Amino acid sequence: MADKKKKRSLVKRGAIFLGVGFLAVGTVGFGSVYFLSQSKLGEKFERKVAGIEIPEGDEDAVDRGKYLANNVMGCSSSDCHRPDLGGGAVIDAQPMGRVYAPNLTGGEGSVTKEYGPEDWARILRHGLKKDGTRALIMPSEDYVNFSDGDIGAVIAYVKSMPDVDRESIGHSLGPVTRLLISSGELQFAYDKIDHDAKRPEAEPGPTREWGEVLIGTCTGCHGKTLSGGKIPGGDPKWPPARNLTPDESGIKSWTFEDFQKAIKTGTRPDGTTLDPVMPYKAYAGMKPDDIKALWAYLQTVPAKPAGGR
Ligand code: HEC
């Protein structure tokens, strides 16, 4: 009897010992993930940039900027900076935590109020904030092929928007996002951009060349090779981005009409509807020539099985 009791208490002590051990390892492990991600987030980079001319008040340019911001680049998405550009949470759920797209207007809580032309160029072309730290999730790499004229137009549009008073509360990252940052799986745009690359000289039109500029806005989700897969840093509930290459598992059998319909209405040829993570509501307003350009470009990419990103 006494022996049994002794045994039981030994087992109990062992369990407590193990429990405390795991807790300690877990705490140390998470502590290092926390510190590593925190130091990456705080790391500063210097980059001399040429400012972009901002055609403030030029109606045609502001219209062009409005079109790009709302229907092509996703700036005003209701999951990103919001249609009023006053900002909001991109993701706000554990275990990802909160990733926040800040207020871009001139109102209270703005992060861009003091931005000059160089600061705008630094964030949009290179993914660096005014303080030299790297922006998280902000897909600057998607925009690298757009001309100074188009980027300037977008900034002119942003600056033409009415002030919104909304605090930019910033990120409050959960364990999964921190783990992805410290392991390098979730990269900053700054680290993905080839900062010295030459921009293609393509004029807007229904051409493959212009499609190569526009496709940058798709690769953040569909991947560099456009074969789709899990979207890095995304909400675990999101479906994987689909394969846009001419493979059996992609859109090999699609016609241009199928593509246009999917882009503008979210309806696939088989009648099923796409998840709204695919921003078809924004693309509903995309110009026919821009959709043709994307299609022309997609006809020329190598076929790849789904999920290779
Ligand atoms: C914010 C992420 C995101 C962006 C940006 C994005 N997509 Fe998607 N896209 C998705 C996701 C996720 C799906 C799959 C949705 C589903 O399965 O319900 C998808 C599906 C599609 C489909 C349907 C393919 C099929 O086989 O059903 C097409 C076509 C498409 N996207 C084209 C584009 C193009 C072209 C662009 C750029 C102009 C683009 N997407 C930008 C996330 C995105």
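Order of listing sets the numbers, starting from 1, for every ligand and every atom in it. The structure displayed is predicted, hence computed values, not measured ones. Just the heavy atoms: all of them, side chains too, but no hydrogens, waters or symmetry mates, feed the values below.
- Contact atoms of ligand 1 toward Ile263: 32 (C), 34 (C), 35 (C) (distance under 4.0 Å to a heavy atom of the residue).
- Under a 4.0 angstrom heavy-atom cut-off, Gly220 registers as lying outside contact with ligand 1.
- Scanning all protein heavy atoms for the shortest distance to atom 9 (N) of ligand 1 gives His222 NE2, 2.9 Å.
- When heavy-atom distances to ligand 1 are checked against a 4.0 Å cut-off, Leu298 has no atom that comes that close, whether in backbone or side chain.
- Atom CZ of Arg134 sits about 5.0 Å away from atom CD of Glu43, to the nearest 0.5 Å.
- Under the 3.5 Å distance criterion, the side-chain polar atoms of Ser249 are left unmatched by any main-chain donor or acceptor of Pro305.
- For atom 8 (Fe) of ligand 1, the set of nearby N, O or S atoms under 2.8 Å includes none belonging to Tyr280.
- The proximity of Pro240 to ligand 1, defined as any non-hydrogen pair under 4.0 Å, is limited to the backbone.
- Inter-residue side-chain proximity for Met278 and Ile263 is flagged as met; some heavy-atom pair is nearer than 4.5 Å.
- When heavy-atom distances to ligand 1 are checked against a 4.0 Å cut-off, Arg268 comes that close only through its side chain, counted from C-beta outward.
- Contacts between Trp238 and ligand 1 below 4.0 angstrom, taking non-hydrogen atoms only, are absent altogether.
- The heavy atom nearest to atom 15 (C) of ligand 1, considering only Leu274, Leu294, Thr217, is found in Leu274.
- Among the backbone and side-chain atoms of Cys221, no N/O/S atom is found under 2.8 Å from atom 8 (Fe) of ligand 1.
- The shortest heavy-atom distance from Trp254 to ligand 1 is under 4.0 Å.
- Of all protein heavy atoms, the one lying nearest to atom 17 (O) of ligand 1 is Arg242 NE, 2.9 Å.
- For Gly234, the closest heavy-atom approach to ligand 1 does not fall below 4.0 Å.
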